[in-house]
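Written below as structure tokens is the structure these notes are about.
Proteins come first, then strands; the chains are lettered A, B, ... in the order of their sequence lines, and each starts at number 1.
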Amino acid sequence: MPEEAGFPPAKRFRPGCGPPGGRVLMLLTPAASPYPEAVERQRRSLPIFPARGQLLAQLRNLDSAVLIGETGSGKTTQLPQYLYEGGIGRQGVIAVTQPRRVAAISLATRVSDEKRTELGKLVGYTVRFDDVSSEDTRIKFLTDGMLLREAISDSLLRKYSCIILDEAHERTVHTDVLFGVVKAAQRRRKELRKLPLKVIVMSATMDVDLFSQYFNGASVLYLEGRQHPIQVFYTKQPQQDYLHAALVSVFQIHQEAPSSQDILVFLTGQEEIEAVSKTCRDIAKHLPDGCPSMLVLPLYASLPYAQQLRVFQGAPKGCRKVIIATNIAETSITITGIKYVVDTGMVKAKKYNPDSGLEVLAVQRVSKTQAWQRAGRAGREDSGICYRLYTENEFEKFEKMTVPEIQRCNLASVLLQLLAMKVPNVLTFDFMSKPSPDHMQAAVAQLDLLGALERKDNQLTLTPIGRKMAAFPLEPKFAKTILLSPKFHCTEEILTIVSLLSVDSVLYNPPSRRDEVQAMRKKFLSSEGDHITLLNIYRTFKSLGGDKDWCRENFVNSRNMMLAAEVRAQLRDICLKVPAPWSLRTTSQASIRRCLAHSLFMSAAELQPDGTYTTTDSRQPVAIHPSSALFHCRPACVVYTELLHTSKCYMRDLCVVAAEWLYEAAPDYFRRKLRATRD
DNA sequence: GAGCACTGC
């Protein structure tokens with residue numbers, strides 16, 4: 001039997017680590033509460049409430065602070081209201097950033113309900129495609145990416161008096177870049193004697209010292225959480241086969257625990273999840289009498305929305321829900337009623353190699369932070385139990401924290417945005433966790449090839465094209481593709497293609513129905529590649545008025561298709577605003593391909609005599625991804641949108657091009673390449 | 001010959 005281990009003890013609010021605030025506290029207590037009684041009772045019951053006076057007294061005097069609070073402390077919904085009620089930051093807007101759209105929207109909705117105001121008035125939100133805020137908005141929830149976009153047009157973030165960076169421990173690229181942008185804005189506003197900017201970093205445990213040091217030794221305030229106790233068990237022996245171990249654990253729990261207690265299992269990807277789900281269902285059919293029945297539900301991001309929703313429905317009486325999920329259930333989706341968590345300790349994660357420009361998607365060990373996050377999913381409403389399918393000794397060897405995303409992704413977009421904000425000396429930008437110099441250089445090289453950079457007085461700045469590229473919410477190479485399209489008279493088509501590439505795949509591929517999928521898809525396949533194939537699908541979708549039944553029959557994800565249409569409209573608006581030249585629809589698909597060749601010339605591959613492919617850039621052996629329209633073809637020369645290393649190094653989203661188009665697109669670049677291969 | 005973690009502008 002696995003042995004029990006303790007959950008890290010909750011940190012308590014530490015009084016007295018700031019200036020005494022008794023006098024101020026009196027002023028803050030409202031004479032009569034404007035809230036209805038039920039809301040007031042609920043607000044007062046939150047762990048953050050007793051700390052209210054003290055928090056305000058301290059925050060009033062601090063430029064920056066780090067607020068540590070566990071799930072359920074009420075910090076995200078209450079703190080912005082406390083600040084507003086306390087008259088802190090009333091000269092401007094109080095911003096609260098979130099890594100995810102749904103969180104920003106639902107938090108704004110809840111806080112405006114508590115305030116009994118109409119959403120979009122006092123309390124509002126801003127996310128892509130959806131701005132529910134107004135002149136009156138004083139508390140604004142937004143995605144961190146959205147605030148970053150705003151910083152491009154005003155790097156001092158002048159409309160904000162206070163910026164609360166929430167969920168900072170997740171360390172998304174956007175949050176990490178914001179740390180630097182907000183810190184610089186704060187300093188600059190002080191120098192210019194403008195309205196001061198208060199910065200509050202909110203995080204679950206961990207990273208505390210890093211955050212505090214980065215913000216010039218900012219005070220750290222601790223809040224008590226309301227997490228229920230969780231018993232954690234480890235295996236006695238290391239497990240060779242975590243899938244088998246997961247199955248054994250699920251059925252062990254299933255035979256012992258009351259059927260109302262649900263199980264959440266963490267695996268790494270779609271294929272694995274579908275396979276384990278099927279095995280679970282098969283075994284569940286042959287269980288002894290008296291054993292409860294079992295409802296097995298897979299959960300991963302590419303699963304159609306309707307199927308994702310099933311995890312929120314209760315199972316019939318006497319039936320246990322077993323949810324088999326990727327790390328989508330770690331943060332993005334919270335399911336109630338989970339009593340047991342089975343953690344395989346594995347995750348599929350992307351790494352980026354700046355030398356080859358290669359993204360590697362590999363199964364690896366989770367970090368300790370991630371393992372605690374997973375365990376925490378068992379204690380949302382009541383005490384929970386977590387089975388870790390690894391030994392305590394193995395756990396001790398896990399990395400303490402997940403490597404921040406900024407150190408393992410392509411930095412071209414980040415660099416373009418920083419340059420658009422006119423950040424001086426971008427290469428030495430004050431990141432909390434610095435990416436390696438190689439990493440930055442790779443991004444410089446990429447932007448340089450796209451014609452986005454120029455050097456003035458030893459400083460990197462943007463060319464006019466570079467500035468236009470930054471206006472698009474896209475990877476720089478896609479922005480460049482759009483800006484090149486008028487030259488080839490195919491802006492309409494390129495807008496469609498780029499939109500489809502920038503949303504999650506519109507093609508739904510259930511592994512169990514592979515043959516059916518292939519048969520249905522045949523009618524859209526183009527021998528010219530995936531871009532033209534996508535264009536064919538979009539055109540049919542549009543001509544049928546976005547028919548959902550058609551989508552289902554043709555294994556097209558209608559949600560992503562609608563999203564692509566929304567993206568397309570946004571990109572078209574930006575083209576008109578920038579302003580980018582425009583062109584009428586082309587009649588030739590060759591000109592679309594030529595446009596792609598001109599913008600993706602650095603991502604090209606050539607057929608070798610032995611039938612394999614090699615990239616023209618780094619002579620890397622690559623293969624055509626099995627999902628590609630060209631999987632069974634052997635074109636002499638292609639450009640691709642993405643290289644992904646899984647079991648092999650695969651090119652994804654390919655387009656057939658003529659080799660001479662590449663040469664005409666970047667003659668200098670190819671001359672250099674040619675010389676390099678000769679040496 | 002055979003496959004794709006998760007967000008976000």
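- Judged by distance alone, with hydrogens and angles left aside, A:S627 brings a side-chain donor or acceptor within reach of the base of B:dC4, the pair sitting under 3.5 Å.
- Interface remark: the A:R652 side chain does not form any donor-acceptor pair with the B:dG3 base, using a distance-only criterion of under 3.5 Å.
- Put simply, A:T326 has a side-chain N or O that comes within less than 4.0 Å of OP1 or OP2 on B:dC6.
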Would A:Y640 and A:H625 count as a ring pair (Phe, Tyr, Trp, His ring centres under 6.0 Å) here? Give the steps.
CA-CA 10 Å; A:Y640 53 83; A:H625 195 276; over 10 Å; no
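- One can place CD of A:Q98 at 13 Å from C1' of B:dT7, the figure rounded to the nearest angstrom.
- Within the structure, a side-chain polar atom (N or O) of A:H625 is placed less than 4.0 Å from OP1 or OP2 of B:dC4.
- Here A:R171 lies out of heavy-atom contact (under 4.0 Å) with every strand.
- In this structure, the CZ atom of A:F631 is 8 Å from the P atom of B:dG3, given to the nearest Å.
- A:T331 comes within 4.0 angstrom of nothing in the nucleic acid, heavy atoms only.
- Computed from coordinates, the A:L643 CG to B:dG3 C1' distance equals 15 Å when rounded to whole Å.
- Using modelled atom types and a 3.5 Å distance limit, the side chains of A:T641 and A:H531 yield a donor-acceptor pair.
- Using a 4.0 Å heavy-atom distance criterion, A:V363 is classed as making no nucleic acid contact.
- Among the nucleotides B:dA5, B:dC9, B:dA2, the one closest to any side-chain atom of A:K648 is B:dA2.
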Evaluate A:N536 against A:K523 for side-chain hydrogen bond (donor to acceptor under 3.5 Å, both in side chains), listing each step before the verdict.
CA-CA 9 Å; A:N536 289 341; A:K523 54 182 180 265; over 6 Å; no
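- Taking every side-chain heavy atom of A:R634 into account, B:dG1 is the closest of B:dC9, B:dG1, B:dT7.
- The closest donor-acceptor contact from the side chain of A:N554 to the backbone of A:V556 lies at 3.5 Å or more, if one exists at all.
- Contact annotation for A:F472: no contact, since no heavy-atom pair falls under 4.0 Å across all strands.
- Atom C1' of nucleotide B:dA5 and atom CZ of A:F266 are separated by 13 Å, given to the nearest angstrom.
- In this structure, A:Y650 does not count as stacked on the base of B:dG3 under the 5.5 Å centre distance and 30° plane angle limits.
- Which of B:dG1, B:dC9, B:dA5 sits closest to the side chain of A:P473 comes down to B:dC9.
- Nucleic acid contact for A:I328: sugar-phosphate only, since backbone atoms but no base atoms lie under 4.0 Å from a heavy atom of the residue.
- Taking CZ of A:F312 as the reference point, atom CD1 of A:I335 lies at 6.0 Å (rounded to 0.5 Å).
- Distance, A:L474 CG to B:dG8 P: 16 Å, rounded to whole Å.
- Phosphate contact (OP1/OP2 of B:dC6, side-chain N/O of A:T172, threshold under 4.0 Å): absent.
- Contact annotation for A:N509: base contact, defined as any heavy-atom pair under 4.0 Å involving a base atom.
- Candidate nucleotides B:dC6, B:dG8, B:dG1 were compared by shortest atom distance to the side chain of A:H174, and B:dG8 ranks first.
- Between the side chains of A:Q446 and A:N410, at least one donor N or O sits under 3.5 Å from an acceptor N or O.
- A:R149 comes within 4.0 angstrom of a base, heavy atoms only.
- Checking A:A349 against A:R100, the closest nucleotide of DNA chain B that is more toward the 5' end is the one next to A:A349.
- The NE2 atom of A:H632 sits 13 Å away from the P atom of B:dG3 (whole-angstrom rounding).
- Atom C1' of nucleotide B:dA5 and atom CD of A:Q270 are separated by 11 Å, given to the nearest angstrom.
- Put simply, A:T646 has a side-chain N or O that comes within less than 4.0 Å of OP1 or OP2 on B:dC4.
- In this structure, OH of A:Y352 is placed 19 Å from C1' of B:dA5, rounded to the nearest angstrom.
- Comment: A:K350 engages A:E642 in a salt bridge, judged by a side-chain N to carboxylate O separation of less than 4.0 angstrom.
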